Amino acid sequence: MKIATYNINGVNGRLPVLLKWLEEAKPDVVCLQELKAPQDKFPERALLDVGYNSIWHGQKMWNGVAILARDLPLQEVRNSLPGDESDLHSRYIEAIVGRMLVCCLYLPNGNPAPGPKFDYKMAWFKRLKKHAKYLLSEEVPVVLAGDYNVIPTEKDVYKPERWVDNALFFPEPRKAYKELVGQGWIDSIRHLHPDETIYTFWDYLRNAYGRDAGLRLDHLLLSPQIAPRLVAAGVDKHVRGWEKSSDHAPTWIVLADEEEI
DNA sequence: ATGTCTTGTAGGACAAGA
């Protein structure tokens, strides 16, 4: 069972890249962020044609999240993060996929920081932590995946000193991420690769990909009820080098079948 | 500071988010 998260940065503009990657990687479940498409412009048909059912929550111009699944029942649980009825950004969607709960999130970027956008980021993070704690209390298999817009540690950025003034690397979101994981979640990639340099994002500017000037922003957190099944985790880095690619690369985990544990 | 890519509005160039 392969589960991926991928900030696609425009699901229609990059549909050929998405379809090519789906065909190559054959993930069973995919969390997409930054659809940049309104609800009625999601490419449901094209994804069905390559074998994926979808649920999504679109938004005109920005944000937007989706969950895709192949050969698995897919049932939406909620399409927004609880805790603030006035928050209209499409940044969270959650579904029962097979026998797991899959949560797809797109945490606010927060720049420029400090400022109102940073405050929104931290308020969103607080709501996420509260909901994540509730999910853990359910004691079920949960995958909490997405673009967290947080560089967790200095190990997760090519040049930490270049990012100290950026909302992705500010102490507050790093602390919040640490506290979130500390609730009892497993950061899949770091769990299996504690010392390796692993990036999931390379800026479009200044040939960042060519210089491997990357960041690790996309994370798949596992609840204790599913973490023992983790057997592999990685990034499809080469996809970032494709024509018209997103600035993020698909990030994935492989879980053993339930009966193998 | 730099500079790249997206979408939307509008029917060409620009704004804004990231």
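Note that the coordinates shown come from a computational prediction; the quantities given were computed from them, not determined experimentally. All chains are named by letter (A, B, ...) in the order of the sequence lines, taking the proteins before the strands, and each is independently numbered beginning at 1.
B/dA1 atom C1' lies 13 Å from atom CG of A/Asp165, rounded to whole Å. Distance CG (A/Asp147) to P (B/dG17): 17 Å, rounded to an integer number of Å. At whole-Å resolution of the value, OH in A/Tyr120 and P in B/dG17 are 13 Å apart. What separates CG of A/Asp247 from P of B/dG17 is a distance of 16 Å, to the nearest Å.
Aromatic ring centroids of A/Trp252 and A/Tyr6 lie 6.0 Å or more apart. Aromatic pair A/Tyr92/A/His131: ring centres closer than 6.0 Å. Ring centroids of A/Phe118 and A/Phe170 are separated by less than 6.0 Å, placing the two rings close together.
Ion pairing of A/Arg240 with A/Asp247 is absent here, as no side-chain N (NZ or NE/NH1/NH2) approaches a carboxylate O to less than 4.0 Å.
Look at B/dG17: its Watson-Crick or wobble partner, with both distances under 3.5 angstrom, is B/dC5.
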- Query: When you check every protein heavy atom under 4.0 Å of nucleotides 2-9 of chain B, what one-letter string (B, S, -) results, 5' to 3'?
  - Reply: BBBSSSSS
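If you take atom P in B/dT6 and the same atom in B/dG11, they sit 22 Å apart, rounded to whole Å. When the P atom is compared between B/dA10 and B/dA16, the two are found 14 Å apart, to the nearest whole Å. One C1' atom belongs to B/dG12, the other to B/dT7, and the distance between them is 16 Å to the nearest Å. Rounded to whole Å, the separation between the C1' atoms of B/dA13 and B/dA1 comes to 24 Å.
At a threshold of 4.0 angstrom between heavy atoms, the contacts of A/Tyr106 are confined to the sugar-phosphate backbone, with no base atom among them.
If you find the closest nucleotide of DNA chain B to A/Arg162 and to A/Asn111, the one lying nearer the 5' end belongs to A/Arg162.
Tested against A/Tyr148 for a ring pair (Phe, Tyr, Trp, His ring centres under 6.0 Å), the candidates A/Tyr177, A/Tyr106, A/Phe201, A/Phe125 yield a single pass: A/Tyr177. Test A/Trp202, A/Tyr204, A/Trp242 against A/Tyr209 for ring pair (Phe, Tyr, Trp, His ring centres under 6.0 Å) and you get one pass: A/Trp202.
The closest side-chain donor-acceptor pair between A/Asn111 and A/Asn109 falls under 3.5 angstrom.
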